[in-house]
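Worksheet: one structure, shown below.
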Amino acid sequence: MPELPEVETTRRGIARHLTGRRIREVRVHDGRLRWPVDPGMAATVTGQRLLAVQRRAKYLLLRLERGTIILHLGMSGSLRVLPQATRRLAHDHLELVLDSGQMLRLNDPRRFGSCLYTKADPAEHALLRKLAPEPLGPDFDAAYLHAAARRRRVAVKQLLLNGQLVTGVGNIYASEALFRARIRPQRRAGRLSLGDCQRLVRAVRAVLALAIRAGGTTLRDYVGADGNPGQFRQKLYVYERAGRPCRVCRTPIRKLTQAQRSSYYCPSCQS
DNA sequence: ATGGGCACCTGGCTGC
DNA sequence: TGCAGCCAGGTGCCCA
């Protein structure tokens with residue numbers, strides 16, 4: 001599901017309700033996520049104050065007094081802030097009950113999401129340690145991308161999905177960024193010029209920023225902390241638009257499969 | 001080191 | 001109406 005814009009939208013939505021609150025209770029209704037929720041986590045976390053809600057790539061970090069809860073929404077996860085007695089629905093996995101009377105609830109039908117706890121610096125956690133720079137931060141620039149892509153034979157689309165090289169970009173925004181950069185998804189990463197990388201970096205940053213402003217993209221499951229879907233779907237240029245006219249040149253959009261995932265592009269606008 | 005493929009899940013849609 | 005098959009915002013892991 002959620003790519004960076006959806007995770008960031010979630011972060012903003014939950015942060016104002018969580019920051020400064022104390023966790024009264026942790027209810028694990030179904031700990032079967034990508035990794036089983038540690039049965040000891042509830043006791044460790046209960047009573048701690050939430051200091052901040054941060055994001056690293058597509059991970060949400062709930063910073064507590066003595067550690068950090070690391071959340072990932074997988075393909076279908078969402079977080080909502082609700083009154084603590086709100087009736088439970090299918091696929092609600094866990095709830096953090098706050099001293100405000102509200103709770104943070106994780107729902108995830110496909111269970112690819114995760115909820116982990118670490119006492120150490122989360123940046124050093126095995127899942128986060130090797131992640132590429134933040135795409136909206138200063139270290140993600142044309143020189144970086146050009147160096148990362150050098151001598152790589154994979155298609156640029158797959159490069160964008162490799163979290164060790166580029167973070168935050170998932171299947172939707174990879175196609176959208178390549179369209180904006182006028183680069184075909186099949187192009188070998190190693191064949192990108194510095195100028196291509198410049199356009200691609202700008203396109204990635206632009207599409208992520210615009211999607212955040214729209215509250216993300218909802219295809220099916222995703223809702224923000226307030227329960228509302230994202231509005232960026234209407235602004236997509238190529239994703240899920242196979243056969244329909246390019247919004248720039250009217251040429252029919254094409255779809256192809258790369259690494260068992262769909263890519264979309266305009267054969268006229270992109271080379 | 002790099003790249004390819006699979007695995008983990010549920011649910012919604014399509015077509016027979 | 002039922003059911004098989006395919007597809008979906010991610011990513012860790014195993015293998016060549």
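Proteins come first, then strands; the chains are lettered A, B, ... in the order of their sequence lines, and each starts at number 1. Excluded from the calculations below are hydrogen atoms, water molecules and symmetry mates; all remaining heavy atoms, backbone and side chain alike, are included.
- Atom CZ of A/Arg22 is surrounded by more than 12 heavy atoms from other residues, nucleotides or ligands within 6.0 Å.
- Within the 4.0 angstrom heavy-atom criterion, only backbone atoms of the sugar-phosphate kind lie near A/Arg153; the bases stay farther away.
- Not a single donor-acceptor contact under 3.5 angstrom links the side-chain atoms of A/Arg111 to the base of B/dC9.
- For CZ of A/Arg56, the number of neighbouring non-hydrogen atoms (other residues, nucleotides, ligands) closer than 6.0 Å is greater than 12.
- Nucleic acid contact for A/Phe232: none, since no nucleic acid atom lies under 4.0 Å from a heavy atom of the residue.
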Output, in order, the C-alpha distance, side-chain angles, deciding distance and verdict of salt bridge (Lys or Arg N to Asp or Glu O under 4.0 Å) for A/Arg55 and A/Glu134. CA-CA 10 Å; A/Arg55 179 188 55 74; A/Glu134 281 297 310; 2.8 Å; yes
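- Residue contacts shown for A/Leu127 are limited to sugar-phosphate atoms, with no base heavy atom under 4.0 Å away.
- The ring of A/Phe112 does not lie on top of the base of B/dC9; it is either too far (5.5 Å or more) or too tilted (30° or more).
- The phosphate of B/dG4 has OP1 or OP2 within less than 4.0 Å of a side-chain N or O from A/Gln158.
- Distance NE2 (A/His72) to P (C/dG12): 7 Å, rounded to an integer number of Å.
- Defined by atom type and a distance below 3.5 Å, a donor-acceptor pair is missing between the side-chain atoms of A/Tyr222 and A/Thr9.
- Put simply, A/Ser262 has a side-chain N or O that comes within less than 4.0 Å of OP1 or OP2 on C/dA8.
- When heavy atoms are screened at a 4.0 angstrom cut-off, A/Arg220 is found touching base atoms of the nucleic acid.
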